[in-house]
Amino acid sequence: MKVALVDLAVHRAVVGLLESSPTWHTLVHHAEVGSTQDEALALLREGTPPGLIVVADAQRTGRGRLGRPWRDSVSGATGPANLAITATVKLPERSVGLVPLAVGVAVAEAYRAAGGMPRLKWPNDVLLDGRKAAGILVERHTVAEEPVLLIGCGLNLDWRGVERDAEAAGWISLAESIAADVDRVKVLVDTLGHLGAALGQLRRDPAVVLRDYRGWSATLGEAVRVERPGRPPLFGEAVDLDADGRLVLRTEGGRAVVDVGDVIHVRAATG
């Protein structure tokens, strides 16, 4: 499939979103950048207020959680294959830990609107058919002595016909999952619209976002291994999320709460 890439910043659907949204005011679109996170931070430091969104079709130096490089493409998958998004906001400190969950809900809603059947793997992966179809990164920074959040998400949109190496074998794109073309502008607008709504809900009633996330979760009810930086892994059943969005496990030693770690689904706990 050949897709003519347009400047998303001037697309009428994007303009309509920006004109109607209480959260977003500006979108900057690049065919390629080093990192949308770095580009957004530079624009904030130049004086653009939060509410800015930076979108790119490809990144050269994207990054994921825990400082890892984020590989948002595979050989032969460029342009319409991906979207890298960084949105900038200010939020009350008490809600910051729930932001990655709110982003996951927003992407899941957008993927469902496109025909997908997504699930969310705690803390920052969106799955289709059990494989990773989007990743999320939230960073805190201080700009002009004010705290801001950079909300990054990388969306795999269309990798049909693209060969995978071993590293990318566990990834999938939306077009592959739904076996159809993807309207990338609609996915972008839906994601940002749902994200704005979810962030507003965090300010009003964070418990609603937790409820929504639980409904999408592929992790709750699973037996998991949690790899933690510099600490032994944890084994147990993922039973809930606490009020701060941390994963609650039932382990042989009792209840454990995880705030940082890589979750591996071992098997269905009920199976």
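We use all heavy atoms of the structure for the numbers below, so side chains are in, but hydrogens, waters and symmetry mates are not.
At distances below 3.5 Å, at least one donor-acceptor pair connects side-chain atoms of Arg214 with backbone N or O atoms of Leu241. A distance-only check finds no donor-acceptor pair linking the side chain of Asp244 to the backbone of Arg246 [under 3.5 Å]. Side-chain atoms of Arg160 never come within 3.5 Å of backbone atoms of Ala179 as a donor-acceptor pair (strictly under, hydrogens ignored). Formation of a donor-acceptor pair under 3.5 Å by the Thr88 side chain with backbone atoms of Gly51 is found in this model. Remark: side-chain polar atoms of Trp24 are paired, donor with acceptor, to backbone N or O of Leu192 under 3.5 angstrom.
Look at Lys121 and Glu222 and you find no salt bridge, because none of the NZ, NE, NH1 or NH2 atoms lies under 4.0 Å from a carboxylate O. Checked for salt-bridge contact, Arg184 and Asp57 meet the test: a charged N lies under 4.0 Å from a carboxylate O.
Annotation: side chain of Val89 is not in contact with side chain of Val99 (no heavy-atom distance under 4.5 Å). Side-chain contact between Val54 and Ile85: absent, with no pair of heavy atoms (C-beta onward) separated by less than 4.5 Å. Side-chain contact between Glu109 and Trp216 is present, with heavy atoms from C-beta onward closer than 4.5 Å. At a threshold of 4.5 Å between non-hydrogen side-chain atoms, the residues Val103 and Leu195 count as touching. Between Asn124 and Leu137 the shortest side-chain heavy-atom distance does not fall below 4.5 Å. Taking the side chain as every heavy atom from C-beta outward, Val14 and Val10 never approach each other to under 4.5 Å. Contact check for Ile151 versus Leu199: side-chain heavy atoms found under the 4.5 Å cut-off. Inter-residue side-chain proximity for Pro206 and Arg94 is flagged as met; some heavy-atom pair is nearer than 4.5 Å.
Between Asp7 atom CG and His30 atom NE2 the span is 9.5 Å, to the nearest 0.5 Å. For the atom pair Leu18 CG and Thr23 OG1, the distance stands at 11.0 Å (nearest 0.5 Å). The structure places CG of Asn156 at 6.0 Å from OH of Tyr111, a figure rounded to the nearest 0.5 Å. Considering CG of Leu98 and CD of Gln201, their distance stands at 11.5 Å, rounded to 0.5 Å. Atom CD of Glu39 is separated from atom OG1 of Thr86 by 9.5 Å, given to the nearest 0.5 angstrom. To the nearest 0.5 Å, atom CG of residue Asp125 and atom CZ of residue Arg119 are 13.5 Å apart.
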- request: For side chain to side chain contact (heavy atoms under 4.5 Å, CB included), just list the numbers for Val258 and Trp122, CA-CA rounded to whole Å, side-chain angles, deciding distance to a tenth of an Å, and then say yes or no.
  value: CA-CA 10 Å; Val258 178; Trp122 189 92; 3.9 Å; yes
- prompt: Step by step, would you call Val187 with Leu83 a side chain to side chain contact (heavy atoms under 4.5 Å, CB included)?
  reply: CA-CA 9 Å; Val187 172; Leu83 270 180; 5.5 Å; no
Stepwise side chain to side chain contact (heavy atoms under 4.5 Å, CB included) test for Val248 and Arg255: CA-CA 7 Å; Val248 179; Arg255 181 179 183 270; 3.6 Å; yes
message: With side chain to side chain contact (heavy atoms under 4.5 Å, CB included) as the criterion, how do Leu91 and Arg203 come out once you've worked through the C-alpha distance, each side chain's angles and the decisive distance to 0.1 Å?
response: CA-CA 7 Å; Leu91 275 179; Arg203 295 182 176 95; 3.4 Å; yes
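Leu249 and Phe235 are not part of a single hydrophobic cluster, where members link through side-chain heavy atoms under 4.5 Å apart. By the rule that hydrophobic residues join a cluster once side-chain heavy atoms approach within less than 4.5 Å of another member, Val107 and Leu127 end up as members of separate clusters.
Between Leu157 and Val182, the closest heavy-atom pair is O-CG2, 3.7 Å. The shortest heavy-atom contact between Pro232 and Arg228 is O-NH2, 2.7 Å. Nearest heavy-atom pair, Ala110 versus Thr191, reported as atom, atom and distance to 0.1 Å: CB-OG1, 3.2 Å. Nearest approach of Ala133 to Leu128, heavy atoms of both residues: CB-CD1, 3.6 Å. When all heavy atoms of Ile178 and Ala114 are compared, the closest pair comes out as CD1-O, 3.4 Å. Contact detail for Ala238 and Leu247: the closest heavy-atom pair is CB-CD1, 4.0 Å.
Within a 6.0 Å sphere centred on CZ of Arg250, heavy atoms belonging to other residues, nucleotides or ligands number 12 at most.
With Leu188 as the partner, the side chain to side chain contact (heavy atoms under 4.5 Å, CB included) test is satisfied by one option alone out of Ile53, Leu155, Leu27, Asp183: Leu27.
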